[in-house]
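In what follows, every chain begins at residue 1, and chains take the letters A, B, ... in the order their sequences are listed.
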Protein chains: 2
Amino acid sequence: MEKEAEFCKCNVIHKEVIEKVKPNIPEEKKLEKLETFFKVFGDKTRLKILFALSIQEMCVCDIANLLDMGQSAISHQLRLLKQTNLVKYRKEGKIVYYSLDDSHIEELLTQGIIHIDEKFI
Amino acid sequence: MEKEAEFCKCNVIHKEVIEKVKPNIPEEKKLEKLETFFKVFGDKTRLKILFALSIQEMCVCDIANLLDMGQSAISHQLRLLKQTNLVKYRKEGKIVYYSLDDSHIEELLTQGIIHIDEKFI
DNA sequence: TTAATATATGAATATGTGTTCATATATTAA
DNA sequence: TTAATATATGAACACATATTCATATATTAA
């Protein structure tokens, strides 16, 4: 008896296909990073912050005012963006200025917009 | 009195910055689409499905077996991918074959991988 | 030193999301 | 028709996540 239906009720229909495709799936660790990476873009607030910082650096307070949101909420989101290396910061006295950490990011945002303009409902 | 501290305790520090940046934030509707779009990529299971389908079309059962997951879970995820126009399908009897709907998708996946390889922790 | 202010952060809460389970639907075979 | 099978789907549950609140930290000014 082959390994059958542990999770899936249905039988393996195209075993060759599965064997062919399998080696092309990235390893788990890489997938997790990719998941985290894209997840960061999957939030309106963070997208707004990224678009804003693509224009110029801003301090936390300005971002909060710009987006009409609490300072705490922005700070939490900036922490996430920092952790994923999407933004960097510099301190000037008690003010912290955030900016994009990578020009790739703008490219990715642009590519996203292109896709939704073309295909997305 | 200006509009002050409705949400944010801190004062507006750089009013000009806010005014300069504001017009460059995409409109809410577009942001929501973009959010949804990127959110789809922010899940390991969906990423695996997309990588698999970038090699060749597959039926639901094969995908479930490939990923060692339940048919229902895969079906739910495919629905999401369908709704966001990332995959299309063709029916052959009772078997449904899914495939990528857009070559942009592979590009975006690649760009994601490039980023995490370069910068991401 | 104390007061004021910009930012960070832990906890709580509300909301969103992925998987499972049970079951429905659709198609083919008998 | 009935049985078998591939897929779809609603509901439930467990878990993740965004924001708020309260408060801590850090820096500057007085």
Item to complete: Output yes when E57(A) and R90(A) qualify as a salt bridge under the 4.0 Å nitrogen-oxygen rule, no when they do not.
Response: yes
Worksheet item: Quick one: do K82(B) and D101(B) make a salt bridge, cutoff under 4.0 Å?
Response: no
Item to complete: Measure the shortest side-chain to side-chain distance between I63(B) and Q77(B) over non-hydrogen atoms and say whether it is less than 4.5 angstrom.
Response: no
Worksheet item: E35(A) has an atom CD; how far is it from atom P of dT17(D), in whole Å?
Response: 8 Å
Discussion item. Under 4.0 Å between a side-chain nitrogen and a carboxylate oxygen: does that hold for D117(A) and K30(B)?
Written reply: yes
Worksheet entry | Whole-Å distance separating the OH atom of Y97(A) from the P atom of dT7(C) | 8 Å
Worksheet item: Over how many whole Å does the gap from I95(A) atom CD1 to dA26(D) atom P extend?
Response: 17 Å
Discussion item. What is the separation between atom CD on E92(B) and atom C1' on dA6(D), rounded to the nearest whole Å?
Written reply: 13 Å
Fill in: Carboxylate-amine/guanidinium proximity below 4.0 Å for E28(B) and K44(A)
yes
Worksheet entry | Set of ring-ring contact (aromatic ring centres under 6.0 Å, His included) partners for F38(A), sequence neighbours left out | F41(B)
Discussion item. If the test is side-chain contact (heavy atoms from CB on, under 4.5 Å), which one of I49(B), L86(B), L50(B) qualifies with L100(B)?
Written reply: L50(B)
Practice prompt. Please name the pair of heavy atoms, one in C59(A) and one in I95(A), separated by the smallest distance, quoted to 0.1 Å.
Written response: CB-CG2, 3.4 Å
Worksheet item: Among dT19(C), dT28(C), dT7(C), which nucleotide sits nearest the side chain of Q77(B)?
Response: dT19(C)
Worksheet item: Using a cut-off of less than 4.0 Å, is there contact between a side-chain N or O of K91(A) and OP1 or OP2 of dA26(D)?
Response: no
Worksheet item: Side chains of I25(A) and L47(B): closer than 4.5 Å at any heavy-atom pair?
Response: no
Practice prompt. Starting at atom NZ of K94(B), determine the distance to atom C1' of dA3(D), rounded to an integer number of angstrom.
Written response: 10 Å
Fill in: Dot-bracket notation for DNA chain C, counting Watson-Crick and G-U pairs under 3.5 Å, with | for partners on another strand
||||||||||||||||||||||||||||||
Worksheet entry | Atom-to-atom span, CE of M69(A) to C1' of dA18(D) - whole angstrom | 8 Å
Name the pairs: protein N/O against N/O of nucleotides 9-13 of chain C, kept only if under 3.5 Å.
from    : atom 1 : to     : atom 2 : distance (Å)
dT9(C)  : O4     : S72(A) : OG     : 2.5
dG10(C) : O6     : H76(A) : NE2    : 2.8

Item to complete: Return the value, rounded to whole Å, for the distance between atom CD1 of I74(A) and atom C1' of dC21(D).
Response: 16 Å
Worksheet item: Which comes earlier along DNA chain D counting from the 5' end, the contact point of L78(B) or that of G93(A), where each point is its nearest nucleotide?
Response: L78(B)
Discussion item. It should be established whether Y89(B) places a side-chain nitrogen or oxygen under 4.0 Å from OP1 or OP2 of nucleotide dA6(D).
Written reply: no
Worksheet item: Among residues 43-56 of chain A, which contact DNA chain D at a heavy-atom distance under 4.0 Å?
Response: D43(A), T45(A), R46(A)
Practice prompt. Please name all residues satisfying side chain to side chain donor-acceptor pair (under 3.5 Å) with K94(A), sequence neighbours left out, ordered by chain then number.
Written response: none
Item to complete: Measure the distance from CD1 on I63(A) to P on dT7(C) and round it to the nearest whole Å.
Response: 9 Å
Worksheet entry | Pairs involving residues 42-99 of chain A, ordered by first then second residue, that meet ring pair (Phe, Tyr, Trp, His ring centres under 6.0 Å) (sequence neighbours left out) | Y89(A)-Y98(A), Y97(A)-H14(B)
Worksheet entry | Least distance between heavy atoms, T84(B) atom then L81(B) atom | OG1-O, 3.3 Å
